[in-house]
Amino acid sequence: MGCWYGNTFVYDVKHFLLDSDPAYYVLKEDTSPCIFGSIEKQRWSYACAKQLIERLIYAEGAENGLEFTIVRPFNWIGPRMDFIPGIDGPSEGVPRVLACFSNNLLRRQPLKLVDGGQSQRTFVYIKDAIEAVMLMIENPARANGQIFNVGNPHNEVTVRQLAEMMTEVYSKVSGEPVLEEPTIDVSSKEFYGEGYDDSDKRIPDMTIINRQLGWNPKTSLWDLLESTLTYQHRTYAEAIRQALSKPVASS
């Protein structure tokens, strides 16, 4: 599950120099600016919609006393996330990265790396994330009026590194050898079509949720991938083998 709805570009006082200090990629709920891409990059409409609903909720709280807690999920992943195309979802669908890579692994196809897989992301295990949400529910006085990042800054990898880890883990849990060419590079235009754009790196700051609720994520990326891919293999491998063995109808 994705979260952040702004780019991670940070400019100096003259508003034209991109600052490369990693500290500028740590996204804080109460101080980080939200910068969008150009209008022609239509994918930012998704980001804009999420920011607008947050602003509406926050304004209702400030002006009319609405009690609220806003959760910003930074890539919550685990078993039963999304769908496997052609098995429990549309064949033409494109699920998010974990299910997309899982589908390729299950079908013994190379994992497609959009623009070389250089974007960097953090991932948090769904069990850890649900623990955070339960703490919000159980401690309303400490959660009311707060915006919480829920992610794991320690599980930061490039998408290429994620693909390499998933390939290694899946080979371990399935007993199948790794393909000779486990990944292929594709352009974002080829994969998503016109209008695609995204931030290159985003890391959640955990100061507020740790201070208010004492929460920190526990599960390493390797462990959550092993748990998730074990589930994916047990749940889908046989169904995909049967689907692939069916003769293709002639027209």
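Just so it is clear, the model here is predicted, and its values are computed rather than measured.
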* Below 4.5 Å, heavy atoms only, C-beta onward: do Val178 and Glu168 meet side chain to side chain? -> no

* Asked: OH of Tyr58: more than 12 outside heavy atoms within 6.0 angstrom?
  -> no

* Least distance between heavy atoms, Leu213 atom then Ala132 atom -> CD1-O, 4.4 Å

* Evaluate the side-chain proximity of Tyr170 to His233: yes if any heavy-atom separation is below 4.5 Å, no if none is. => yes

* Arg121 with Glu156: basic N within carboxylate O range, under 4.0 Å -> no

* Asked: More than 12 foreign heavy atoms under 6.0 Å from CD of Glu238: is that the case here?
  -> yes

* Heavy atoms, side chains only, cut-off 4.5 Å: are Asn155 and Val124 in contact? -> no

* Would one find more than 12 heavy atoms of other residues, nucleotides or ligands at under 6.0 Å from atom CD of Glu63? -> no

* Asked: Hey, does the side chain of Gln118 reach the backbone of Gly116 with a donor-acceptor pair shorter than 3.5 angstrom?
  -> yes

* Backbone of Gln242 reached by a side-chain donor or acceptor of Ser245 within 3.5 Å -> yes

* What is the distance from atom CG of Asp82 to atom CG of Asn103, rounded to the nearest 0.5 Å? -> 11.0 Å

* Grab the two heavy atoms, one from Ile126 and one from Gly78, that are nearest each other, plus how far apart they are. => CG2-CA, 4.1 Å

* To do: Considering non-hydrogen atoms only, spot the tightest contact between Met206 and Asn149 and give its length.
  => CE-O, 3.7 Å

* Of all the heavy-atom pairs spanning Gly117 and Thr158, show the shortest one and how long it is. => O-CB, 3.6 Å

* Asked: Cut-off 3.5 Å, side chains only: do Asp128 and Thr219 have a donor facing an acceptor?
  -> yes

* Asked: Backbone N or O of Lys127 within a donor-acceptor pair of the Trp76 side chain at under 3.5 Å?
  -> no

* What is the distance from atom CG of Leu52 to atom SG of Cys48, rounded to the nearest 0.5 Å? -> 4.5 Å

* Asked: Are side-chain heavy atoms of Asn152 and Leu221 found at a separation under 4.5 Å?
  -> no

* Asked: About how many Å separate CZ of Arg142 and CD of Gln212, when rounded to the nearest 0.5 Å?
  -> 5.0 Å

* To do: Rounded to the nearest 0.5 Å, what's the gap from CD on Gln120 to CZ on Arg160? Could you check?
  => 13.0 Å

* To do: Grab the two heavy atoms, one from Gly151 and one from Pro217, that are nearest each other, plus how far apart they are.
  => O-CG, 3.5 Å

* **Within residues 107-132 or reaching into it, pairs that qualify as ring-ring contact (aromatic ring centres under 6.0 Å, His included) - sequence neighbours excluded** => none

* To do: State the CZ-OG distance between Arg107 and Ser102, to the nearest 0.5 angstrom.
  => 12.0 Å

* Asn216 vs Asn210 side-chain heavy atoms within contact, under 4.5 Å -> yes

* Is there a side-chain contact between Phe101 and Leu113 (heavy atoms, below 4.5 Å)? -> yes

* Whether Thr183 side chain and Pro110 backbone form a donor-acceptor pair below 3.5 Å -> no

* Asked: Are any of the side-chain heavy atoms of Phe74 and Val150 separated by less than 4.5 Å?
  -> no

* Counting distance only, does the side-chain N/O of Arg108 pair as donor-acceptor with the main-chain N or O of Pro177 below 3.5 Å? -> yes

* Would you say Arg211 has more than 12 foreign heavy atoms packed within less than 6.0 Å of its CZ? -> yes

* Check: Glu54 and Ile57 side chains under 4.5 Å, non-hydrogen atoms -> no

* To do: Mark yes or no for whether Asn144, through its side chain, and Phe68, through its backbone, hold a donor-acceptor pair below 3.5 Å.
  => yes

* Which distance, rounded to the nearest 0.5 Å, do you find between the CZ of Arg80 and the CD of Gln232? -> 10.0 Å

* Structure fact -> Tightest non-hydrogen contact, residues Val186 and Lys112, listed as CG2-CB, 4.2 Å

* Judged by atom type as modelled, is there a donor-acceptor pair below 3.5 Å linking the side chain of Thr228 to the main-chain atoms of Leu224? -> yes

